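Every heavy atom of this structure was used, including side-chain atoms; hydrogens, water molecules and symmetry mates were not. Below, chain A is the first sequence line, B the second, and so on; all start at residue 1. Note that the structure is predicted; figures quoted are calculated from it, not measured.
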Amino acid sequence: MLLIPCPWCGLRDEVEFKYGGEAHNNRPLVPDVHDDTAWAAYLFMKKNPKGLHLERWVHAAGCRRWFNVARDTVSNRIDGSYKIGEKPPAIAAETEESA
Amino acid sequence: MPDRYRRQSPLAHLGLVARASEDQSAEAGVVMAECPFCAQTGLRGDGSLARFGNAVKTVLGIAPPTEPNTVTGPEDFADGARILWLGPDEWLIVGGDVDAEPSGALRLALSDRHAAVVDVSDGRAVIALSGPNARDVLAKGCPLDLHPRAFGPGRCAQTVLAKAHVILHQIDASPSYEIYVHRSFADYLWSWLEDAAGEFGVRISNSRSDRNGLLGGRVTP
Amino acid sequence: MAIGVSVVGRSFKYHRPRGVFSAGVEEPIALIQLGSGPQTQPNMPATAVELSDGLVANSVHCWPNVNRDIGALAQWLSPFMPAGFYYKTFMWPARRWMVYERYIRNAAGLGTAPTEADPDIYDKMHVHCDVLVIGGGPAGLAAALAAGRSGARVIVADQQPEFGGQLLGERLEIDGGPAMAWVAAALDELAGMDEVGLLPRTTAFGYYDHNFVALLERRPIAAAETGRLARECLWKVRAKQVVLATGAIERPLIFANNDRPGVMLANAARTYVNRYAVAPGNTVVVFTNNDDAYRTAIVLAEVGVKVPALVDVRAFAPGALREQVSAHGIEVLNGWSVINAHGGRRVRMVDVVALDEAGAAASGSRRSIDCDTVAVSGGWNPAVHLFSQSGGKLRFDNARACFVPDVSVQSERSAGSCAGIFNLDGCLEAGFEVGAAAAADAGFTHGARPKRPRAEAPEEQPMRPLLWVPPPSNGKRFGKHFVDLHNDVTIADIELARHEGYESVELTKRYTTLGMGLDQGKTGNVHGLAVLAEARGNPIPAVGTTTFRPPYTPVSFGALAGRDVGDLYDPSRRTPMHRWHEQAGAVFEDVGQWKRPRYYPRSGETMGDAVDRECLAARHAVGILDASTLGKIDIQGPDAAEFLNRVYTNAWDRLPVGRCRYGLMCTDDGMVFDDGVTARLGDAHYLMSTTSGGAGRVLSWLEEWLQTEWPTLKVYLNSVTESWATASVSGPLARALLAGLTKTDLSADAFPHLGVREAVVAHLPARIFRVSFTGEVSFEISVPARYGMALWTTLMEAGQAYGITPFGTEAMHVLRAEKGYIITGQDTDGSVTPIDLGMDWIVSKKKDFLGRRSLNRVDAMRPDRKQLVGLLTDDPSDVLPEGAQIVGEKLPQPPMPMIGHVTSSYYSANLGRSIALALIKGGRDRIGKTVFAPLVDRTVSAVIVKPGFYDPEGARLHA
Amino acid sequence: MTRYSVFSLVRNGLKGHRAWPRAWRRAEPRRSYQVIVIGGGGHGLATAYYLAKEHGITDVAVVEKSAIGLGNTGRNTTIIRSNYLWDESAALYEKSLKLFEGLTEDLNFNQMLSQRGVINLAHTLHDLRDLERRVNAIRLNGIDSEILSVEQVKAMVPILNTSPNARYPVLGASLQRRGGVSRHDAAAWGLARAASARGVDIIENCEVTAILRDGDHVTGVETTRGPIKAPKVAIAAAAHTSHLASMAGLRLPIETHPLQALVSEPLKPLIDCVVMSNQVHVYLSQSDKGELVIGAGIDPYVSYASRGSLPVIEDQMQALVHLYPVVSRLRMLRQWAGNVDVCPDASPIISLTPVRGLYINGGWGTGGWKATPGSGWVFAHTIAQDRPHPLNEPFSLERFTTGALIDEHGAAAVAH
Ligand SMILES: Cc1cc2nc3c(=O)[nH]c(=O)nc-3n(C[C@H](O)[C@H](O)[C@H](O)COP(=O)(O)OP(=O)(O)OC[C@H]3O[C@@H](n4cnc5c(N)ncnc54)[C@H](O)[C@@H]3O)c2cc1C
Ligand SMILES: NC(=O)c1ccc[n+]([C@@H]2O[C@H](COP(=O)([O-])OP(=O)(O)OC[C@H]3O[C@@H](n4cnc5c(N)ncnc54)[C@H](O)[C@@H]3O)[C@@H](O)[C@H]2O)c1
Ligand SMILES: Cc1cc2nc3c(=O)[nH]c(=O)nc-3n(C[C@H](O)[C@H](O)[C@H](O)COP(=O)(O)O)c2cc1C
Ligand SMILES: [Zn+2]
């Protein structure tokens, strides 16, 4: 059972949180310029990586803040969390590409 | 002025006042009470701005805490307002009788900036839990570390208790706590707590309610 | 055992008699049905049950009784029942399988479940600690002392009723005194430490992610009998550091008919004597591959049990121990092996054979020795279960043929014999080291480390890493050699699995059921691996282990459920007026977690009668509905209108203060998600309402967009659902009723449809919304929740004169369906767009909103999408069932192509006929056409109409 | 292939079972094949089997990274049924159920297909509406399905708590009599044996590490045992579908989640059918060996760890005790998790891809066990003909672009 670092409340138990899926899959600012394939990519396509995953969580039963977590999907090890709008320090390059 | 005698607290239907006055075992490990009719105001604003905190302080005499999960203000409802940290831009102001409309002045003071002041007094029930086994009862349903080394008077936290979302505020080291829970869950949470506290012996008290005004319960359908 | 019971149970597959094999939780076979009535408990290992007065125990899995069991006939068929035989048989013909299955099911299974609900209660505790010590043997206690003295928060859990671990069954010394005296002193010291908790009878059964460990505490029966105390408690421990001190489990040596009652682990035999003062038998042959069983022989002889021989597969013998054994007149056979046990319900005799020089074949001279018990030791397996569950990697120790912890993944350390340290002094040393190190890693370095206790460390001769007896020189084994005593898996079964290609250890396990029983192979798994390794010609590490999974020992469902059962299974949410509804005899409906009145039957009324009455009242007089459950979200900030523009399909810039508007929300894939009315209360202040079931979902969805995608929008959202109690009065007399209770001008001109006013109603501060879900003039009156009951009762009293009638969700649904209004979640299902609902009028063409782009995809623009229409049955008294499927053409029998389904359907008392809403492919083009609903017992025909059956112009609404 | 028969069993029994041949040949990878199927789960093996049987393509390798049948095939709760809401799903799952009904004979390997009935409980009015909708749809698709009253459910499942005062009382139920359970391992082993007998190479301990391409055309795979060439490569790797697809540069609408299950201690017969509930979320059946087999929903976050988290089990047990108060003293013997490949609409993808010669079969989520033979059957067709069979045409990848999702959780019950 995960122990998730809320950037505000610190380490809290998994049951206080809700998972929000892959992070940095932002909604296109002007949806109409995207064709159906690109739109489908935004709506549905996932990296679903084996290994490092940047993902959104919300501290639902706590401070209600959304934030990002860097977690390994194989070991479930959490490398850290960061606020929305921030970049994951060590892996900034990778995020840039996906943003 | 609305008729104060017609108001009902979230747990009015349980007849807690009557139960509190019944002869109850003094050896109870857990003491439970409802704290009714305490004004609660939701406050939103940018806590990182000094102007915001100052504006609040001017009205209430205390500034909203910036340290997560802490409370500013006096321990007791009776001694004026206190402010619970709920999020980086969210607080709960508690204190005073609900019918005194406490949020008006604050709303005015913050009207020139992006902030929100919302009266949520009726949105949550407040249950006081104390006694030597109070912490054990909470531990049955709450994943937080409530050990004195990790949590103590002046701390608050939003968390899960049984199957309800609650705000937990530790009042003193005896230990006693106040639990805020959404009104519609109040009946459930009270039953759950009484059930969980059963092994320690429970005493119902109305000391908090006495201090904070009148209990409802006069309405017959 | 003391009264001479030797057959405790029957084996799973062959129904062979089985006795007591171990002295602990690893017991594979001595399973009993404990207690009777609602508190009966099947499949309990007799070796781990505490005796108490009046205890009732029966054998499981035998008929008519354990001594004469019909099922034992299976033994005669055993040549035709090898591993996996059922995959190869029972298929002639295949469809008969279910007939065979009935017999097989009855023959399988072990104990029986209670037939009444469990009267006991169960509890849970969350705890946090710096160091969790699992196991209270010498290593665990030493670790706890070291950690506890540092001031750390420590929990020590042991599955046994008493602490001490192996020491409980030994007569050893620590620091020159009895070891148990050291244990007592350690417990005293620990009990005196404020931050140390001791949990006996508590099994750590699961090691999960992030150092979360689940423990199950069993309370002594006497304590539970007080009624208020839970029978078991699930401890959910989050530990900064974990010390595993779970000990080691002795394992047997395998020989022919090694399952006969009387064959028992050597250490267990010793434990029975030392700890319980029971002799395991009268004449005991000891059989071993290591030194430790010599101690068993000595202990047995000392208490007067006859030990005719000690058989050691090793050619050499430990000097001092051998002398002591011999001194008791016990014959020591070095380089010999037991190869077979004779006897029926108890061992009668064993055959022993001398091994060849290499020890590889049982080729030498042969003897039989009379005995009633065989105490057997094949060495020890460290209890690495939890270590392995934590993700830790194991290493195989060849010299001792066992797996030991190697690489840790989580914050845990192993100490003592679970780490492969088998002597007491080493265990104590390791415990102290590891306990202190764990505390230090948790931040507790202070406290002098006291001198650690010492124990004698006698010289040990190496064991012989052999787990089953060598075959005769011709290589052919005879008789059944049991590897898994629980599931009757033999060496031959494993060899067969390998032979047929099920040679991955996981496939072997599944094909033979090795290690899949109640004991999960605690004593037999390593043997299984060894047999497989030999058959494959691989070393054991190459074969690997199967996966260690929770629970370490079985855990009751009740404990996992805790006190969240019965009425506490799920919160039932109540409105401030709940008590009134109850007393008025309302029948409730579950809507999400809410309890909502569905209708209020009067005496003698059916549901239909009541709903008709309620519906008529709302259209002809005045009805009152508790609408407190609707979600309410307070929205404030300069960007509030822009925010609404983005989340609703329609535009919000022009809504004046004091007015409301209906809105529809879509997910970004264009499907309808929720709906409701939003009011503008001030320049930058709105109040959104949502469906009752959707309130939480909508708020978190809005917060998600706001926080993650639009953080620059200046908007604050606050849930005020619970702050307000809402009563909706609806009907032609609603205005008159309300007018008597408020000064607010309620006239149509002053307070038009979709207006909102701050007001005082019945002396209460209130907000009045003129919104309507019924199609009648309606006022939704919200007051602070503490006044909900006051408002309601005042309205009821004042309403008497107008024939006020409370109505529930059912009437509300009928009334809105008469108007053709949708309910999201009922008339939509996540595959319906606003266009499908015919609500194009609410979909802005000018601005972007969530879902808009998706409405332009190929499929969303198909003309034959399902569209919302009305249905009128040809027979006006026939009410279509909701969920009825619609076909365009009646066929004599299925399959029939369906064109849609009925989403809402009611009898409308106001219209004097049935009405329905349906989603129909290309429905709007089919208006006027007849369609059919083929039901199980009849087919209903109906004609498609526009939705909106009552007052389609909305005259009543605006009246 | 030695046929299993009474005769062969007795003969071998008398010979001490030393003469049984391997169930499937141990195959070494050859340099090239006509078709490579990645994944030796039920779906991959069925695909290979039907390629050989229905399309005469026997030059096929199934490459499996560990041993066959140890993925989700080996860890599911064995429920089979075809009572799906949408026409497209009903047709696909019914095809599969029909194949299951003949599989024991077809494979000469006892599948222990037990059509003991699958019951879905309704606890709210919303549930009842959905139930009616579903039962009617299924019936009109020509598939058996019926509605049960509370009394009828109670008669079939005496241990069920049908008290009207329960927190969520049972209001009704649906039943598919032809639904039930089928032994999970038996499908993998039986399919492997039959496919192998038809010439398919089943290559275990061989992990695909790259997908080889020439332009937009697939040419084979790289494996831990060397490269293998093939003009057609078919992915049937469940949890690992996204990972493999990414080797070919594709991104899929699939997320991998842990799904947990557990078994009780072995018990004498206690429940004779499969019972599932959505509102009181748990499902229960009893295996022939006597364990109660219990499951519920996925763990909420993406994970490839084949263990789940305890709260999910706690919720599941609360639901279990709520529905069956007599089981509270019974005990969990073992819990585990699989990793399921979840699609946004809870329907699978059986499809061609933008890479020529690369085919995908995945996204089965929590409910693909029952599809095993049907999925293999249509996938084999898709691969052999290089175009989808009408049964799997609606399940193409394109549906995410057009929006023609087949949403099986909207109105569906639990999708197991
Ligand atoms: C706990 C649980 C309960 C379930 N209950 C049910 C149920 O009751 N009813 C139902 O219908 N469904 C159920 N399911 C779902 C069902 O089990 C699966 O949908 C189905 O078995 C998938 O089969 P598969 O052959 O596609 O996948 P798998 O059996 O997982 O096979 C995929 C194979 O691909 C292999 N592989 C992966 N990557 C590579 C690589 N790079 N190279 C080579 N090989 C690779 C894997 O090792 C694996 O063997 C359940 C699932 C779980 C986890
Ligand atoms: N002679 C030999 O060959 C040999 C071999 C192994 C061990 N030993 C002796 O055994 C002793 C080992 O000491 P130790 O402290 O390492 O082990 P131990 O066996 O004395 O204690 C382990 C304790 O952990 C408990 N336990 C195991 N798993 C548990 C779980 N999951 N949850 C809760 N409790 C659990 C056991 O009930 C036991 O009380 C030493 O005296 C050692 O000499 C001797
Ligand atoms: C239908 C079914 C029944 C099972 N029955 C048992 C059982 O009786 N005993 C047991 O130990 N495990 C049983 N298991 C669980 C397996 O041992 C194993 O845990 C599961 O297949 C997952 O594999 P893994 O634990 O090796 O990862 C069963 C699994 C399934 C799918
Ligand atoms: Zn937080």
Any side-chain heavy atom of C/Leu560 within less than 4.5 Å of one from D/Leu310? yes
Turns out that what part of D/Ile143 lies under 4.5 Å from chain C's heavy atoms comes down to neither
Using a 4.5 Å cut-off on heavy atoms from C-beta on, say whether the side chain of D/Arg331 contacts that of C/Met44. yes
Engaged part of D/Ala90 at the chain C interface, taking heavy atoms whose separation is under 4.5 Å: neither
Side chain from CB out, backbone as N, CA, C, O: work out which of these in C/Tyr511 comes under 4.5 Å of a heavy atom of chain D, or both, or neither. both
Considering non-hydrogen atoms only, spot the tightest contact between C/Asp564 and D/Gln318 and give its length. OD2-NE2, 3.3 Å
From the list C/Met896, C/Met98, C/Met81, the residue making the most non-hydrogen contacts under 4.5 Å with chain D is C/Met98
Between D/Ile271 and chain C, which part of the residue has a heavy atom less than 4.5 Å away: side chain, backbone, both or neither? backbone
OG (D/Ser328) and CD (C/Glu116) are apart, to the nearest 0.5 Å, by 13.0 Å
For the residue pair C/Trp97 and D/Asp288, establish whether any side-chain heavy-atom pair is separated by less than 4.5 Å. yes
Using non-hydrogen atoms and a 4.5 Å limit, figure out which bit of D/Gln115 sits close to chain C: side chain, backbone, both or neither. both
Is any side-chain heavy atom of C/Asp570 closer than 4.5 Å to a side-chain heavy atom of D/His322? no
Which heavy-atom pair separates D/Ser264 from C/Phe557 by the least distance, and what is that distance? CB-CZ, 3.7 Å
Looking at C/Lys236, C/Gln893, C/Glu495, which makes the most heavy-atom pairs under 4.5 Å with chain D? C/Lys236
Go through the atoms of D/Leu70 and report whether side chain, backbone, both or neither lie under 4.5 Å from a heavy atom of chain C. side chain
Scored by heavy-atom pairs under 4.5 Å with chain C, the best of D/Thr402, D/Asn165, D/Asn108, D/Asp345 is D/Thr402
Quick check on the interface: out of D/Ser287, D/Pro269, D/Ala188, who has the most heavy-atom pairs with chain C under 4.5 Å? D/Pro269
Contact leader toward chain C among D/Gly74, D/Ala192, D/Ala404, where contacts are heavy-atom pairs under 4.5 Å: D/Ala404
What part of D/Val135 is in contact with chain C, defined as an atom under 4.5 angstrom from a non-hydrogen atom: side chain, backbone, both or neither? neither
Beyond-backbone contact of D/Lys289 with C/Phe12, side-chain heavy atoms, under 4.5 angstrom: yes
Go through the atoms of D/Leu125 and report whether side chain, backbone, both or neither lie under 4.5 Å from a heavy atom of chain C. side chain
Take a 6.0 Å sphere around CZ of D/Arg26 and say whether it holds more than 12 heavy atoms from other residues, nucleotides or ligands. no
Part of D/Val10 within contact of chain C (heavy atom distance under 4.5 Å): both
Under 4.5 Å from any heavy atom of chain D, what part of C/Leu110 do you find: side chain, backbone, both or neither? both
Do the non-hydrogen side-chain atoms of C/Met898 and D/Asn141 ever get within less than 4.5 Å of each other? yes
Nearest heavy-atom pair of C/His499 and D/Arg18: which atoms, and what distance? NE2-O, 3.0 Å
Mind ranking D/Gly69, D/Gly290, D/Pro325 by heavy-atom pairs under 4.5 Å with chain C and telling me who comes out on top? D/Pro325
Top contributor to chain D contacts, counting heavy-atom pairs under 4.5 Å, from C/Leu935, C/Thr115, C/Thr513: C/Leu935
Using a 4.5 angstrom heavy-atom cutoff, name the option from C/Val902, C/Val555, C/Leu568 with the most pairs to chain D. C/Val555
Residues that C/Glu101 engages under side-chain hydrogen bond (donor to acceptor under 3.5 Å, both in side chains), provided they are two or more places apart: D/Ser114, D/Arg116
To the nearest 0.5 Å, how far apart are CE in D/Met332 and CG in C/Leu216? 9.5 Å
List for me each residue that meets salt bridge (charged side-chain N to carboxylate O under 4.0 Å, His left out) alongside C/Asp209, sequence neighbours excluded, and say none if there are none. D/Arg307
Which heavy atom of D/Leu330 sits nearest to which heavy atom of C/Pro42, and what is that distance? CD2-CG, 3.5 Å
The interface call for C/Pro897 against chain D, heavy-atom contacts under 4.5 Å, is neither
Run through D/Trp189, D/Tyr4, D/Trp20 and flag the one making a ring-ring contact (aromatic ring centres under 6.0 Å, His included) with C/Tyr87. D/Trp189
Minimum heavy-atom separation for C/Thr89 and D/Asn110, please, with both atom names. O-ND2, 2.9 Å
For chain C, find which of D/Ser163, D/Pro21, D/Ser309 contributes the most heavy-atom pairs closer than 4.5 angstrom. D/Pro21
Region of D/Asp272 that comes under 4.5 Å of a non-hydrogen atom in chain C: both
One should read off an interatomic distance between D/Arg329 CZ and C/Asp120 CG, to the nearest 0.5 angstrom, of 4.5 Å
Assign the ring pair C/Tyr569 / D/Tyr168 to parallel, tilted or perpendicular, where the plane angle (0 to 90°) is split at 30° and 60°. perpendicular
Region of D/Leu128 that comes under 4.5 Å of a non-hydrogen atom in chain C: neither
Is a side-chain donor-acceptor pair under 3.5 Å present for C/Thr547 with D/Arg334? no
Measure C/Lys476 against the heavy atoms of chain D and call it side chain, backbone, both or neither at under 4.5 Å. neither
Between D/Leu333 and C/Leu518, is there a side-chain heavy-atom distance shorter than 4.5 Å? yes
From C/Gln885 CD over to D/Arg134 CZ, what is the distance, rounded to the nearest 0.5 angstrom? 11.0 Å
Contacting region of D/Ala166 [heavy-atom separation from chain C under 4.5 Å]: neither
Using a cut-off of under 4.5 Å on heavy-atom pairs, state which of C/Arg857, C/Arg105, C/Glu506, C/Met91 scores highest against chain D. C/Arg105
Answer key: most heavy-atom pairs under 4.5 Å with chain D among C/Gly670, C/Gly566, C/Ser556, C/Ser904 is C/Ser556
Distance in Å, D/Asn12 CG paired with C/Phe80 CZ, rounded so as to fall on 0.5 Å steps: 10.5 Å
For C/Tyr208 against D/Gly308, the heavy-atom pair lying closest together: CD2-O, 3.9 Å
Return yes when atom CG of C/Asp567 has more than 12 non-hydrogen atoms of other residues, nucleotides or ligands closer than 6.0 Å, and no otherwise. no
Which bit of D/Leu270 comes within less than 4.5 Å of chain C, counting heavy atoms only: side chain, backbone, both or neither? both
Nearest 0.5 Å, please: how far is CG in D/Leu85 from CG in C/Asp829? 7.5 Å
Applying the side chain to side chain donor-acceptor pair (under 3.5 Å) test to C/Asp590, which of D/His126, D/His123, D/Arg167 qualifies? D/Arg167
Is the closest side-chain heavy-atom distance between D/Glu146 and C/Val936 below 4.5 Å? no
Any salt bridge linking C/Asp859 with D/Arg399? Criterion: basic side-chain nitrogen under 4.0 Å from a carboxylate oxygen. no
Per-residue tally against chain C (heavy atom, under 4.5 Å) across D/Gly142, D/Pro266, D/Pro169, D/Ser5 peaks at D/Pro266
